[in-house]
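Per chain, numbering begins at 1; letters A, B, ... match sequence-line order.
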Number of protein chains: 2
Amino acid sequence: MKVNKTTSKPRRKPAQSRSSNTVDCILEASAHILVSEGQGKLNTNHIAKIAGVSVGSIYQYFGNKETILAELGNRHIDEMLTIIMATLQKLPSLDLKEALETMVHAVMDAHKQEPQLHQVLVRELNKLDGYTRVEELDGVLLNLTESFLKSRAHEISSEDLKLASFVVMQTIENLTHQGVLFAPQIDLSKLTKECSHMLYCYLTG
Amino acid sequence: MKVNKTTSKPRRKPAQSRSSNTVDCILEASAHILVSEGQGKLNTNHIAKIAGVSVGSIYQYFGNKETILAELGNRHIDEMLTIIMATLQKLPSLDLKEALETMVHAVMDAHKQEPQLHQVLVRELNKLDGYTRVEELDGVLLNLTESFLKSRAHEISSEDLKLASFVVMQTIENLTHQGVLFAPQIDLSKLTKECSHMLYCYLTG
DNA sequence: ATTTAATGTGAGTAAATGCTCATATTATAG
DNA sequence: CTATAATATGAGCATTTACTCACATTAAAT
């Protein structure tokens with residue numbers, strides 16, 4: 001049976017500054033291990049050693065290993081959402097072609113934030129029972145895409161806006177993600193243009 | 001330091017039929033555990049129990065846990081390649097639009113083979129040091145796409161065929177993969193048309 | 001029928017890992 | 001300055017897990 005391990009067992013919340021520093025060290029060490037040594041080496045004793053902190057300190061602030069991953073995920077997803085949300089306000093004043101380019105560019109920027117960490121983190125968060133923020137992020141992006149397409153419905157030839165939203169959102173998400181991972185083998189500014197051009201052709205054609 | 005654990009330590013190869021049956025049971029049990037219980041529960045003792053086999057038997061045929069995953073990956077990738085290769089011969093006689101639809105359809109078929117297993121398996125294979133067949137599969141698909149685009153160069157407006165191949169290949173791969181995971185919420189035959197239509201617009205537009 | 005090779009078994013071992021707790025140190029409050 | 005709360009420590013326990021090995025069973029060879 002699967003149990004949510006990411007929210008139970010309440011722990012102390014940092015009050016003094018040194019303790020929130022400890023928390024940051026733990027999270028940074030975990031991120032570092034994930035990227036440079038892989039999930040297999042992510043164990044609490046090792047995290048403590050890399051963070052320069054004792055195991056006990058970890059369990060002052062995190063109920064278990066899973067909540068460390070969850071918090072790492074929360075922070076990362078929040079960063080991405082911030083970047084993407086900031087771009088939304090620019091869209092209404094732009095024409096369709098420009099708007100698509102801006103969207104792709106924004107998601108690209110979001111993915112440039114520690115792309116390796118993003119990849120490994122999403123992998124591991126998907127294994128975390130009860131952690132729903134990855135799906136939440138996807139849901140938000142899908143909704144944003146759909147309301148954007150609705151606002152441009154008169155310019156768009158597609159009949160099924162739900163399906164079109166799925167296609168647009170998945171295409172942006174995946175092409176930027178893969179592009180960033182393959183950079184600099186792939187020219188990201190060229191890819192941004194290519195991607196938005198494809199979507200423009202698709203939506204208008 | 002990272003070490004290839006997927007090829008070392010040679011083990012007995014099955015000679016009698018009961019032994020290759022044992023091997024199959026081990027692989028099937030592993031696949032079942034991965035899909036229904038997750039990577040966290042994939043340990044050799046549990047595999048043995050589910051397979052109805054003793055731990056010792058596992059180590060008669062697999063040098064370590066990693067080689068089980070590797071073999072599972074090999075078989076899965078071979079299946080996908082078989083399906084995709086079979087479609088290649090049809091392409092030359094088709095016009096661009098039909099050919100794209102056929103390609104998307106083929107990759108969709110390949111992904112319909114145990115989509116959940118595919119997802120988890122690719123996740124875990126990426127963590128396997130020394131296992132290169134996932135990248136190999138991607139490389140093959142990229143090359144096939146590129147030579148296909150070259151053969152249609154006169155119909156295609158794109159200047160950078162390498163970049164276009166990347167875009168086309170990634171788009172097909174991801175949209176089919178995600179589509180299959182979201183089915184039946186997503187209508188796969190509609191998605192196939194939508195995807196190939198988008199690529200057609202992109203390449204000719 | 002007997003020997004030999006192939007295959008199967010599972011208790012047991014060594015190592016890894018999540019986590020606790022008794023204790024020590026540091027900061028803040030009165 | 002003292003008392004109390006907050007924070008930090010790390011040895012060590014309980015559990016899990018990869019893997020071995022001495023032995024048992026089954027099939028093939030002669």
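Summarising the geometry, the separation between CD1 on Ile50(B) and C1' on dT17(D) is reported as 16 Å, rounded to the nearest angstrom. Between Gln60(B) atom CD and dT9(C) atom C1' there is a gap of 10 Å when expressed in whole angstrom units. Rounded to an integer number of Å, the gap from CZ of Phe62(B) to C1' of dT7(C) is 15 Å. The distance from atom CG of Asn64(B) to atom P of dT20(D) is 9 Å, rounded to the nearest whole Å. Separating the CD1 atom of Ile58(A) from the P atom of dA11(D) is a distance of 15 Å, rounded to the nearest angstrom. We find that CD1 of Ile47(A) is positioned 8 Å from P of dG18(C), with the value rounded to whole Å. In this structure, CD1 of Ile68(B) is placed 9 Å from P of dC19(D), rounded to the nearest angstrom. The CG-P distance, from Leu69(B) to dT17(D), rounds to 15 Å in whole Å.
Screening residues 162-171 of chain B for salt bridge (Lys or Arg N to Asp or Glu O under 4.0 Å) gives Glu146(B)-Lys162(B) as the qualifying pairs, with residues at least two apart or on separate chains. For residues 77-87 of chain A, every residue pair satisfying the salt bridge (Lys or Arg N to Asp or Glu O under 4.0 Å) rule, not counting sequence neighbours, is listed here: Asp78(A)-Arg133(A). Sorted by first and then second residue, the pairs that involve residues 169-188 of chain B and meet ring-ring contact (aromatic ring centres under 6.0 Å, His included), not counting sequence neighbours, are Phe166(A)-Phe182(B), His111(B)-His177(B), His118(B)-His177(B).
Within the structure, every side-chain polar atom (N or O) of Tyr59(B) is placed at least 4.0 Å from both OP1 and OP2 of dT20(D). Residue Ser57(B) places at least one side-chain N or O closer than 4.0 Å to OP1 or OP2 of dT9(C). Not one side-chain nitrogen or oxygen of Thr22(B) sits closer than 4.0 Å to the OP1 or OP2 atom of dT7(C). Dashed line: the shortest gap from a side-chain N or O of Ser54(A) to OP1 or OP2 of dT9(D) is under 4.0 Å.
Checked against Tyr131(B) for a side chain to side chain donor-acceptor pair (under 3.5 Å), the options Thr67(B), Asn74(B), Asn126(B) give a single hit: Asn74(B).
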Show the atom names and distances, to 0.1 Å, of all donor-acceptor pairs under 3.5 Å that link a side chain in residues 42-51 of chain A to residues at least two apart or in another chain.
{"residue": "Asn43(A)", "atom": "OD1", "partner": "Asn45(A)", "partner atom": "N", "Å": "3.4"}
{"residue": "Asn43(A)", "atom": "OD1", "partner": "His46(A)", "partner atom": "N", "Å": "2.9"}
{"residue": "His46(A)", "atom": "ND1", "partner": "Lys41(A)", "partner atom": "O", "Å": "3.2"}

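Comparing Gly56(B) and Gly52(A) by the nucleotide of DNA chain D that holds the closest heavy atom to each, the one mapping nearer the 5' end is Gly52(A).
Under the 3.5 Å distance criterion, with hydrogens and angles disregarded, no donor-acceptor pair is assigned to the side chains of Thr145(B) and Asn143(B). Between Tyr202(B) and Glu194(A), the side chains place a donor N or O and an acceptor N or O closer than 3.5 Å (distance only, hydrogens not considered). Checking Asp187(B) against Ser189(B) by side-chain atom types alone, a donor-acceptor pair falls below 3.5 Å.
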Could you list the protein-to-nucleotides 23-29 of chain D atom pairs, N/O on both sides, closer than 3.5 Å?
none

Under 3.5 Å, which protein N or O atoms sit close to an N or O of nucleotides 13-17 of chain C? Give each pair with its distance.
{"residue": "dT17(C)", "atom": "OP2", "partner": "Asn43(A)", "partner atom": "ND2", "Å": "3.1"}

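Between Arg123(B) and Glu124(A) there is no salt bridge, since no side-chain nitrogen of the basic residue lies less than 4.0 Å from a carboxylate oxygen of the acidic one.
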